[in-house]
Amino acid sequence: MLEVKNLTKIYTGRRNAVTALQDVSLRVKAGEFAVVQGPSGSGKTTLLLTVGGLLAPTSGSVSIQGQNPYALSPERRARFCGSAMGFVFQQFHLVPYLNVERNILVPSIAIPSNQARKRAQALMDHFHLSERAHHVPSELSTGERQRVALARALLNTPKILLADEPTGNLDAENAEIVLNYLVEFADNGGTVLLVTHDAHSTRYAGKAICLHAGHIVSE
Amino acid sequence: MNIWRLVGDEILYRKTDFLLGVAAVFLAVGCLAGVSTLLRAHSERVAELTGQKQKETAGMLAVARDDYRKMMKTMGYNVVILNAGEDLTEFWTNGFASKTMPEELVSRLCNSNITSIQHLLPQLYQKILWAEQDNCPVILIGVRGEVLHQQSNHKEPMLDPVEKDTMRLGHALARKLGLKSGEKVTLLGTPFTIAQVHEERGNADDGSVWIHMAQAQVLLKKPGQINAILALSCLCAEGDLNKISRQIAAILPETQVIHRVPEALIRLDARYRVAALSQETIEKETAYHVRAAAERETLAAWMIPLAILAAMLWIGMLAWNNVRERRSELGVLRALGFRARHIAALILAKALLAGVAGALAGYALGFVAGLAWSIMDGIPLSIAAMRSLFDVRLLVIVLAAAPLQACISSWLPAMIAAQQDPAEILREG
């Protein structure tokens with residue numbers, strides 16, 4: 001479960017300050033698929049990064065399975081977030097020189113596990129990537145790349161999945177495949193927080209939150 | 001999956017970057033190994049040449065010393081002690097002394113504390129007509145063999161004594177009279193056996209007859225008398241005959257001392273001068289090589305650090321470029337749970353591998369280049385010599401130092417990469 005309370009994030013520049021999030025509170029329970037929707041610049045990515053333990057809020061609190069990641073040291077926070085949450089990005093952000101199998105295994109460098117290889121194989125099977133195990137990202141289709149990214153996010157068996165426009169670069173067919181996987185993850189007890197400007201994604205979510213200029217305007 | 005595999009894959013992906021880093025280390029280490037091998041080759045060659053020359057000089061000195069002994073044996077003694085009243089003009093004209101002195105003087109000299117004289121040969125000699133041989137004129141010499149000084153440490157006597165009732169003949173005399181070794185002859189009514197006919201010496205000895213001192217004193221009717229003591233100084237005192245003369249005069253005031261400096265000594269002196277010149281040449285050559293080596297070392301002393309500094313800067317720049325190029329990748333890795341130290345390790349591990357690869361390749365090629373350079377410098381190198389030039393200690397040092405320096409060079413970019421804000425990178429897309 002993830003919960004944010006009165007979250008405010010202000011980017012302070014040399015001359016002016018920009019408020020990206022203003023007093024945002026939300027709660028996504030285990031097994032819930034939540035979509036945060038809003039136009040560009042509404043604070044969606046800032047919210048996702050703050051929840052993901054990568055961007056400290058100016059004020060307010062973040063709770064991931066009862067733990068405030070920002071109360072931890074940077075080292076412990078990275079480890080905690082790496083094991084509790086998985087990230088999926090619009091640009092996939094796969095490591096260009098690693099093949100599919102090794103891309104999926106990358107998180108195991110930070111959080112080593114004896115089961116990593118077995119888990120990676122299971123994920124490749126699940127996402128129909130086994131035949132592509134030794135291909136590098138440039139040899140994959142966009143849909144395959146996003147499935148690799150999804151498998152990589154799931155390697156450490158996180159309870160929460162954070163997805164930033166995961167279907168933004170995909171065609172309708174592949175977008176649906178990805179969204180179905182997210183639904184499946186939530187159905188299996190995981191928590192999904194997806195940020196998108198695509199209204200179509202809300203049809204898969206159990207909860208939709210509309211963000212505008214850093215404020216939640218509807219939930 | 002581990003960091004090394006990630007680094008290895010990244011190296012294979014960005015081969016050029018990595019090879020440029022390796023090349024920088026390679027050049028610095030190659031420079032060091034090449035110059036070091038060359039200097040070692042020169043140094044060993046200098047040592048070899050010096051040893052060779054020293055051996056030659058030592059051999060030359062040994063030959064000179066040997067020559068000295070041989071020549072002193074055959075050409076005479078360097079000091080002759082005569083009666084104080086001897087007319088030297090007559091002595092030089094006749095070739096022998098006419099006045100006698102007591103044989104006891106020899107014992108006095110032997111028991112003195114003069115250590116520079118090692119060998120004493122008392123003699124009684126006189127020109128006679130050998131009646132039994134058609135009055136052939138001969139120089140009869142009575143000898144009692146060598147009398148060693150009480151403090152003498154010479155083991156080899158320079159002259160053997162003549163046994164009683166035997167005689168030795170000079171080469172020319174024996175030939176003139178048709179006498180051979182082993183024949184029996186009579187001299188002034190006394191029978192003798194010819195014990196030896198000397199080799200030709202080219203001086204008065206060739207017309208002389210040597211018999212035992214006591215018999216000579218009887219035959220010449222001069223009992224207990226001698227007319228000369230031949231004294232040989234030891235080798236170390238060869239250049240100080242005047243001192244010896246003064247010492248003898250102090251012990252035997254009733255005598256006079258004359259020097260017979262044979263040409264052997266002159267030749268010997270020449271040999272010593274040659275040896276000294278040779279030594280001087282070696283010293284000059286050694287000094288030249290030492291100076292040349294010092295100059296090369298001075299050159300290497302600034303050139304090598306410069307090469308290392310350039311390599312470090314180059315690796316640092318490559319690392320910085322790598323960090324910039326991988327900004328997005330490193331940000332994502334942070335989002336996937338990588339800590340700052342993981343990110344720094346990725347950069348430093350690559351530098352470490354570049355350092356090891358560059359050090360190995362650099363040492364190998366530098367060593368070969370150093371050998372080639374040495375050969376071009378005229379240093380003959382056998383396989384064994386090449387093996388001896390292989391400096392394991394230097395290899396170990398570069399294998400430790402080069403990766404360390406590569407890591408130091410990449411330290412700042414690695415720290416910058418580790419401190420990058422992943423959120424900022426991810427927000428940039």
Side-chain angles (χ1 to χ4, degrees), chain A residues 9 11 20 43-46 48-50 52-56 73-99 101-113 116-117 120 136 138 149 152-153 155-156 158 162 164-165 168, chain B residues 1-19 21 318 321-350 352-354 414-429:
Chain A
K9 176 64 188 176
Y11 292 111
K44 302 189 297 294
T45 301
T46 298
L48 202 71
L49 294 173
T50 307
L54 296 172
L55 189 63
S73 67
E75 279 277 309
R76 293 189 65 187
R77 182 166 71 237
R79 190 175 179 84
F80 169 74
C81 294
S83 58
M85 292 179 280
F87 266 100
V88 183
F89 309 96
Q90 179 181 357
Q91 304 295 338
F92 321 131
H93 286 308
L94 297 177
V95 181
Y97 48 83
L98 295 179
N99 64 27
E101 184 185 18
R102 289 182 184 172
N103 255 299
I104 294 171
L105 281 166
V106 161
S108 69
I109 296 172
I111 301 154
S113 161
R117 190 167 286 277
V136 292
S138 60
R152 180 179 66 183
L155 183 79
N156 290 331
L162 304 175
D164 187 3
E165 305 269 16
Chain B
M1 190 72 179
N2 55 43
I3 280 208
W4 290 106
R5 179 151 287 178
L6 193 63
V7 171
D9 284 346
E10 201 267 327
I11 286 171
L12 291 174
Y13 182 66
R14 295 187 177 94
K15 292 185 197 76
T16 311
D17 277 9
F18 182 72
L19 289 176
L318 286 170
N321 188 53
N322 188 247
V323 167
R324 287 181 60 186
E325 200 177 341
R326 299 170 67 189
R327 185 174 149 81
S328 166
E329 175 196 329
L330 298 177
V332 172
L333 293 177
R334 290 298 301 272
L336 295 175
F338 276 57
R339 271 85 86 194
R341 62 185 166 90
H342 289 128
I343 302 298
L346 286 178
I347 308 299
L348 294 177
K350 190 174 173 182
L352 187 84
L353 291 175
M415 290 303 111
I416 290 170
Q419 297 307 316
Q420 280 182 149
D421 184 358
E424 191 182 328
I425 297 166
L426 291 171
R427 277 197 301 123
E428 287 168 5

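The greatest number of non-hydrogen atom pairs below 4.5 Å with chain B, out of A:Gln90, A:Arg79, A:Arg77, is found for A:Arg79. For the set A:Thr45, A:Thr50, A:Asn156, A:Val95, the entry with the most heavy-atom pairs within less than 4.5 Å of chain B is A:Val95. Contact count against chain A (heavy-atom pairs under 4.5 Å) is highest for B:Val332 among B:Leu333, B:Asn2, B:Val332. When the candidates A:Leu48, A:Leu94, A:Thr46, A:Leu98 are compared by the number of heavy-atom contacts under 4.5 Å with chain B, A:Leu98 comes out ahead.
Of the atoms belonging to B:Arg341, heavy atoms from both backbone and side chain fall under 4.5 Å from chain A. Of the two parts of A:Arg117, only the side chain, counted from C-beta on, holds a non-hydrogen atom closer than 4.5 Å to a non-hydrogen atom of chain B. Neither the backbone nor the side chain of A:Phe80 comes within contact range of chain B; no heavy atoms are under 4.5 Å apart. Neither the backbone nor the side chain of B:Leu12 comes within contact range of chain A; no heavy atom of the residue lies under 4.5 Å from a heavy atom of that chain. Heavy atoms of B:Glu329 lying under 4.5 Å from chain A belong exclusively to its side chain. When heavy atoms are compared at a cutoff of 4.5 Å, A:Leu105 approaches chain B by way of both its backbone and its side chain.
Residue A:Leu54 comes nearest to B:Ala423 through the heavy atom pair O-CB, 3.4 Å, listed as atom of the first residue, atom of the second, then distance. The nearest pair of heavy atoms linking A:Ala78 to B:Phe338 is CB-O, 4.3 Å. When every heavy atom of A:Ala110 is checked against every heavy atom of B:Gly337, the shortest pair comes out as CB-O, 3.2 Å.
Here the rule is side-chain contact (heavy atoms from CB on, under 4.5 Å) with B:Met1, and of A:Ile104, A:Ile109, A:Leu155 only A:Ile109 fits it.
Considering CG of B:Asp9 and CG of A:Asn99, their distance stands at 7.5 Å, rounded to 0.5 Å. To the nearest 0.5 Å, the span separating OH on A:Tyr11 from CD on B:Glu424 amounts to 9.5 Å. Separating the CD1 atom in A:Ile111 from the CZ atom in B:Arg339 is a distance of 6.5 Å, to the nearest 0.5 Å.
A 4.5 Å side-chain heavy-atom check between A:His93 and B:Leu426 finds at least one atom pair inside the cut-off.
A 6.0 Å sphere centred on CZ of B:Arg327 holds more than 12 heavy atoms belonging to other residues, nucleotides or ligands.
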